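This is a predicted model, so every value here is computed, not measured.
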Amino acid sequence: MKLGSESGVGGDTRTASSLASLLARLQALAREPTFDVPRQRALSQALRPYAEYERQFGLFPLPEEAELAHLSLFADYLPEDGQPSLIEQVRDTITTHVPEEERAWLDPFRHSNMDVLEVVSLQGDGRMECRSLGSGKSCQIDAGELSRRCKPGQVLLTRVIRAGDRTVIPGVALVLSASAGLALFDGANEWRRAMEAEAGSFELGEWEEFAKRYGHILLWRFAQVRLEALVRAEMAVMYRASSGQPFLYALALYEHHEWSFLSEGLSNLEGWRQEPGHPKRASV
């Protein structure tokens with residue numbers, strides 16, 4: 001799985017100004033003090049793996065992951081404390097004027113979902129033909145600048161909004177290599193099948209329904225793909241001493257701290273020698 005030059009990450013897309021205004025309005029509402037607890041819960045759920053990854057590996061969410069988590073907060077999250085969702089707050093507001101151009105995006109955005117899309121072809125006019133790995137459906141997507149940074153065969157993790165005959169990506173996408181994208185999809189689909197097997201029914205429904213209700217699982221899988229790529233890179237690192245020879249550092253902890261036992265044992269192995277001036281250190 002590669003997340004390097006072949007894959008790339010991010011890329012702002014051409015977004016209708018009215019949709020951009022709606023997203024800014026939702027962001028402002030999400031930052032209201034009264035919505036602080038639901039916001040923290042939603043973002044913590046979407047980015048949950050990093051609570052562990054940050055402590056153990058120093059791995060933090062990418063800005064694009066954080067933005068996709070915020071879009072899930074806007075479109076998918078239903079507060080547990082009885083508050084209306086952010087989209088409902090915009091729809092029902094009577095104290096602030098919301099232009100009709102923004103209101104026209106409310107339903108399409110509310111019905112949008114996360115998806116894993118294979119780039120099939122580039123149209124050259126800011127549009128891409130993509131195929132959902134989950135549903136197998138193809139669509140023409142308004143992608144703007146992003147279309148000039150992608151290649152056929154790459155995979156996008158993003159949110160898809162369908163408004164009439166128009167399909168748009170609302171601002172951001174994570175771009176993966178074909179192998180990394182397939183690994184992400186397979187991992188999410190395995191989780192889906194395991195949940196269905198545990199429930200004894202296909203209760204998660206079609207792919208779009210699953211991606212709508214459990215879009216955070218796709219973000220979890222992306223975090224895991226990143227971690228796996230980091231581990232593979234770490235495994236490929238070869239440490240060498242100043243002389244250019246392979247370097248291995250070993251530290252053993254015993255109940256009575258028998259450091260000399262480890263040093264003497266290594267020194268007696270074929271190919272190992274005790275370093276002069278370091279009675280407790282052996283090297284190859």
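The nearest pair of heavy atoms linking A223 to P49 is CB-CB, 4.0 Å. When all heavy atoms of T167 and Q140 are compared, the pair lying nearest together is CB-O, 3.5 Å. The minimum heavy-atom distance linking A75 with R159 is given by the pair CB-NH1, 3.7 Å. Heavy atoms only, all atoms of each residue included: L133 and F185 are closest at O-CZ, 3.3 Å. The shortest non-hydrogen separation linking I87 to L26 is N-CD2, 4.0 Å. For the residue pair P38 and L73, the shortest heavy atom distance occurs at O-CD1, 4.4 Å.
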- Message: Before you tell me yes or no, could you show the steps for R162 and N113 under side chain to side chain donor-acceptor pair (under 3.5 Å), namely the whole-Å CA-CA distance, both residues' side-chain angles and the distance that decides it to 0.1 Å?
- Response: CA-CA 9 Å; R162 301 169 184 86; N113 60 269; 3.2 Å; yes

- Message: What verdict does the side-chain contact (heavy atoms from CB on, under 4.5 Å) test give for L176 and F222, after you've listed the backbone C-alpha separation in whole Å, the side-chain angles of each residue and the deciding distance to 0.1 Å?
- Response: CA-CA 9 Å; L176 297 86; F222 178 79; 3.8 Å; yes

- Report the C-alpha distance between R226 and E65 in whole Å, list the side-chain angles of each, state the deciding distance to 0.1 Å, and finish with yes or no for salt bridge (charged side-chain N to carboxylate O under 4.0 Å, His left out). CA-CA 11 Å; R226 285 189 68 203; E65 290 177 272; 3.2 Å; yes

- Are L86 and F35 close enough, and set up right, to give a side-chain contact (heavy atoms from CB on, under 4.5 Å), and what steps lead you there? CA-CA 9 Å; L86 292 170; F35 206 79; 3.7 Å; yes

- Take V98 and R25, measure what side-chain contact (heavy atoms from CB on, under 4.5 Å) needs, and give me the verdict at the end. CA-CA 9 Å; V98 180; R25 190 182 302 276; 4.1 Å; yes

- Query: Should E102 and S18 be marked as a side chain to side chain donor-acceptor pair (under 3.5 Å) after you check the CA-CA gap, both sets of side-chain angles, and the distance that decides it?
  - Reply: CA-CA 5 Å; E102 289 184 37; S18 53; over 6 Å; no

- Task: Could you check L156 against M128 for side-chain contact (heavy atoms from CB on, under 4.5 Å), going step by step and ending with a plain yes or no?
- Result: CA-CA 11 Å; L156 308 179; M128 300 188 298; 3.6 Å; yes

- Message: R193 vs E190, test: salt bridge (charged side-chain N to carboxylate O under 4.0 Å, His left out). Steps then yes/no.
- Response: CA-CA 5 Å; R193 297 307 182 197; E190 286 177 11; over 6 Å; no

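Annotation: side chain of L23 is in contact with side chain of P170 (closest heavy-atom distance under 4.5 Å). With contacts defined as side-chain heavy-atom distances shorter than 4.5 Å, the pair E80/R41 qualifies. Using a 4.5 Å cut-off on side-chain heavy atoms (C-beta onward), K137 and E208 make contact. Inter-residue side-chain proximity for V155 and L184 is flagged as unmet; no heavy-atom pair is nearer than 4.5 Å. For the pair N189 and F210, the minimum side-chain heavy-atom distance is 4.5 Å or more. Taking 4.5 Å as the limit, every side-chain heavy atom of V116 sits out of range of all side-chain heavy atoms of S132. At a threshold of 4.5 Å between non-hydrogen side-chain atoms, the residues L117 and L157 do not count as touching. V231 has its side chain out of reach of E228: every pair of non-hydrogen atoms, C-beta onward, lies at least 4.5 Å apart.
Q45 places no side-chain N or O within donor-acceptor distance of the main-chain N or O of A42, the cut-off being under 3.5 Å. In this structure a side-chain-to-backbone donor-acceptor pair under 3.5 Å is missing from E129 to I141. For the pair R103 (side chain) and P99 (backbone), a donor-acceptor distance under 3.5 Å is absent. Using modelled atom types, no side-chain atom of Q40 and backbone atom of V37 make a donor-acceptor pair closer than 3.5 Å. Proximity of a side-chain donor or acceptor of E88 to a complementary backbone N or O of S85 within less than 3.5 Å is detected. Within the 3.5 Å criterion, the main-chain N or O of V119 finds no donor-acceptor partner in the side chain of R131. Side chain of D81 to main chain of Q83: a donor-acceptor pair is present (N/O by atom type, distance under 3.5 Å, no hydrogens or angles). Put simply, the side chain of T93 never gets that close to the backbone of Q89: no donor and acceptor are under 3.5 Å apart.
The only option from L218, L71, T158 that meets the side chain to side chain contact (heavy atoms under 4.5 Å, CB included) definition with M114 turns out to be L218.
With rounding to the nearest 0.5 Å, the separation of CG in L43 from CZ in R48 is 12.5 Å. Note: R39 CZ to E32 CD = 10.5 Å, rounded to the nearest 0.5 Å. Residue R127 holds its CZ atom at 11.5 Å from SG of C139, rounded to the nearest 0.5 Å. The distance from the CD atom of E118 to the CG atom of L182 is 9.5 Å, given to the nearest 0.5 Å. Interatomic distance, NZ of K151 versus CG of L122, reported as 11.0 Å (0.5 Å rounding). In this structure, L19 CG and I169 CD1 are separated by 12.0 Å, a value rounded to the nearest 0.5 Å.
Hydrophobic clustering places M195 together with I217 (ILVMFWY residues linked when any side-chain heavy atoms are closer than 4.5 Å, directly or through intermediates).
Taking the six-membered ring for Trp and the full ring otherwise, the centers of W220 and Y50 sit at least 6.0 Å from each other.
The side chain to side chain contact (heavy atoms under 4.5 Å, CB included) test applied to S242 returns no partner, not counting sequence neighbours.
Taking the six-membered ring where the residue is Trp, F57 and Y53 present perpendicular rings, their angle passing 60° and hence far from 30°.
Salt bridge status for K212 with E209: absent, with no side-chain N to carboxylate O gap under 4.0 Å.
Side-chain atoms of Q224 and R221 include a donor-acceptor pair closer than 3.5 Å. Side chains of W207 and D115: a donor on one and an acceptor on the other come within 3.5 Å.
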